[in-house]
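Residue numbers start at 1 and run along the sequence shown. Note that this is a predicted model, so its numbers are computed, not measured.
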Amino acid sequence: MQSLLLPAATEPWNGHDTQLVVVAAIGIALIVFLIVKLKLHPFLSLVLGSAFVGLASGVELGKVISNFEDGVGGTLKEVGLLIALGAMLGKLLADSGGANRVVDTLLGKVSPKVLPWAMALVAVIIGLPMFFEIGLVLLLPVIVLVAQRSGRKLMRVAIPALAGLSVLHGLVPPHPGPLVAISSLNAPLGITLALGLLIAIPTVIICGPLFAIYAARWVPVDAPKVAGGIDTEHTQADPDVKRQPTFLVTLLTIVFPVVLMLLKAAVDIVDPNSKNPSAARVFFDFIGEPLVAMTLAVLLALVTFGYAVGFTGTKIGSKIGASVGPIAAVILIVGAGGGFKQTLIGAGVGDAVAKWATGANISVLVLGFLIAVAIRLATGSATVATVTAAGIVAPLAASLSPGHAGLLVLAVGAGSLFLSHVNDAGFWLVKELFGLSVGQTFKTWSVMETLISVVGFALVMILSVVIP
């Protein structure tokens, strides 16, 4: 195993850096206290926590506000619109009887013992080209209905799906984090993709179906009555449905945006010239963008889950409107989580952590992992953690073999998934969609993310001994 060491940091850790980290820790504790003890709404708690961190860090008053607003805007433009589109698709999927069709087929073809493994496999397929948030809102109706119909506790079914989505998002191209790290570290895409899949499969198994056994015992909750705006207690098809969609039509509609994103990824690999792209790449890059792909999927669902089953235009319009109202709070909370993240970054917490990390005298693989972990804990953003950690260790990547450069990408990716908590928009998305408390979300989602990070990195280190 190669053991390259970083030089000492040019700017040593100082008292101001310590102050920033302490303020960030107090801010996180404050948010948890306001939500858990005072029962304050998470949105207001995140706003207050962000204000405290900004002011206590010495950020000028105007920047305290603009940092938070930038974080909210940046998160909602990426995630908020996708959540809304996913809710529209999910509402039509449920009311047309399509979700029932998928669930009945799964339960009819798969034994109860194999069900968690089937959910993990479905999530891996959905999650291969897709952002975590999109995959979750697409699978949400299926997850809650499978839990309800099978009689399984929610976490026994949800954790395998969450693990499949999260592992693929953090470790496997064409997801943005791994792609950025590959570019920064000049790692070969093909080798990194192969190693990523090799590590992802056992990681999903351990952190999904196997960990779900314990997660379901720690948090033995049933499927929520309402999930993402869908009433899971009354999931029979709408009385106006004249003919339910077939399983094949339902499946093709669900995977339609997945296919568009896969085509985009494939064309980007075949035609890597981004400065002078071909007409085909321009076209597929457009339709494969998450926002465009999800919009096209909703338009397709208007036909397959709307007009084709007997709904009128007025009926479809009312269902689209009804799908958005219940998720308004979810979107606000996720946006505020992004605002808190940006407040931490704007205060300099991420830079302080990076400065500490450059003074370490350890293996580059370990260092890349630890930097990503520290920045993930400080800022809540897996992407920020990946970009920053890859940038810090990039000077050493030129000396690595192609295999070890790929492993460095995966070490950084594994670190970026460590311990999702209150400064991560994904934490709030999982909490709100599944109707969990903050404590229950920590016991399930946060522990699962930490386990994914540790298992993934352990596999990286094992492969580093074998791969030249």
Rounded at 0.5 Å granularity, tell me how far [atom1] in [X] sits from [atom2] in [Y].
X: Leu44; Y: Ile31; atom1: CG; atom2: CD1; result: 12.0 Å
X: Met461; Y: Leu410; atom1: CE; atom2: CG; result: 12.5 Å
X: Leu61; Y: Leu55; atom1: CG; atom2: CG; result: 6.5 Å
X: Leu459; Y: Ile199; atom1: CG; atom2: CD1; result: 6.0 Å
X: Thr343; Y: Glu69; atom1: OG1; atom2: CD; result: 10.0 Å
X: Lys319; Y: Thr314; atom1: NZ; atom2: OG1; result: 12.5 Å

Open item on the list: Tell me whether the count of non-hydrogen atoms from other residues, nucleotides or ligands lying under 6.0 Å of CG in Leu30 goes above 12.
Closed with: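 Counting other residues, nucleotides and ligands, CG of Leu30 exceeds 12 neighbours.
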For [X] against [Y], the heavy-atom pair lying closest together:
X: Leu76; Y: Gly335; answer: CD2-CA, 3.7 Å
X: Ala336; Y: Phe43; answer: CB-CD1, 3.6 Å
X: Val146; Y: Leu115; answer: CG1-CD2, 3.4 Å
X: Leu20; Y: Ala347; answer: CD2-O, 3.5 Å
X: Leu46; Y: Val422; answer: CD2-O, 3.6 Å
X: Ala163; Y: Cys207; answer: CB-O, 3.7 Å

Open item on the list: Test side chain to side chain contact (heavy atoms under 4.5 Å, CB included) on Trp445 and Val219; report intermediate values, then the result.
Closed with: CA-CA 11 Å; Trp445 165 253; Val219 181; over 6 Å; no
Considering only heavy atoms from C-beta outward, does the side chain of [X] approach that of [Y] to under 4.5 Å?
X: Val110; Y: Trp117; value: no
X: Leu299; Y: Phe256; value: no
X: Pro257; Y: Leu296; value: no
X: Ser453; Y: Leu419; value: no
X: Leu302; Y: Ile320; value: yes
X: Lys91; Y: Val324; value: no
X: Thr105; Y: Leu251; value: no
X: Thr192; Y: Pro178; value: no

- [ ] Would you sort out whether Ile213 and Arg217 count as a side chain to side chain contact (heavy atoms under 4.5 Å, CB included), showing the intermediate values?
- [x] CA-CA 7 Å; Ile213 298 172; Arg217 293 174 184 171; 3.7 Å; yes
Task: Residue pair Val142, Met119: steps toward the side chain to side chain contact (heavy atoms under 4.5 Å, CB included) verdict - done: CA-CA 9 Å; Val142 176; Met119 291 303 300; 4.3 Å; yes
Open item on the list: Here's a test for you: under side chain to side chain contact (heavy atoms under 4.5 Å, CB included), which of Thr250, Ile316, Val298 qualifies with Phe305?
Closed with: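 That would be Thr250.
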- [ ] Among Ile206, Ile452, Val447, find the one that has a side chain to side chain contact (heavy atoms under 4.5 Å, CB included) with Phe211.
- [x]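 Exactly one pass, corresponding to Val447.
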Task: Contacts of type side chain to side chain donor-acceptor pair (under 3.5 Å), residue Lys264, not counting sequence neighbours - done: Asp268
Open item on the list: Run the ring pair (Phe, Tyr, Trp, His ring centres under 6.0 Å) test against Trp428 and tell me which residues pass, sequence neighbours left out.
Closed with: none
TODO: List the steps and the verdict of side chain to side chain contact (heavy atoms under 4.5 Å, CB included) for Arg376 and Asp424.
DONE: CA-CA 9 Å; Arg376 161 71 159 181; Asp424 178 18; 3.4 Å; yes
TODO: With sequence neighbours left out, write down each residue that passes salt bridge (charged side-chain N to carboxylate O under 4.0 Å, His left out) with Lys443, or none if nothing qualifies.
DONE: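 In terms of salt bridge (charged side-chain N to carboxylate O under 4.0 Å, His left out), with neighbours along the sequence ignored, Lys443 is linked to no residue.
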Under a 3.5 Å distance rule, please check whether [X] uses its side chain to pair with a backbone N or O of [Y] as donor and acceptor.
X: Thr450; Y: Phe418; value: no
X: Thr295; Y: Leu291; value: yes
X: Ser420; Y: Ser446; value: no
X: Ser96; Y: Leu93; value: yes
X: Ser166; Y: Leu162; value: no
X: Arg156; Y: Pro209; value: yes

TODO: Determine the interplanar angle of the Tyr214 and Trp218 rings, folded into 0 to 90°, and report it as parallel if under 30°, tilted if 30 to 60°, perpendicular if over 60°.
DONE: tilted
TODO: Look at the rings of Phe369 and Phe457 and say which category their plane angle falls in: under 30° parallel, 30 to 60° tilted, over 60° perpendicular.
DONE: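 Aromatic pair Phe369/Phe457 classed parallel.
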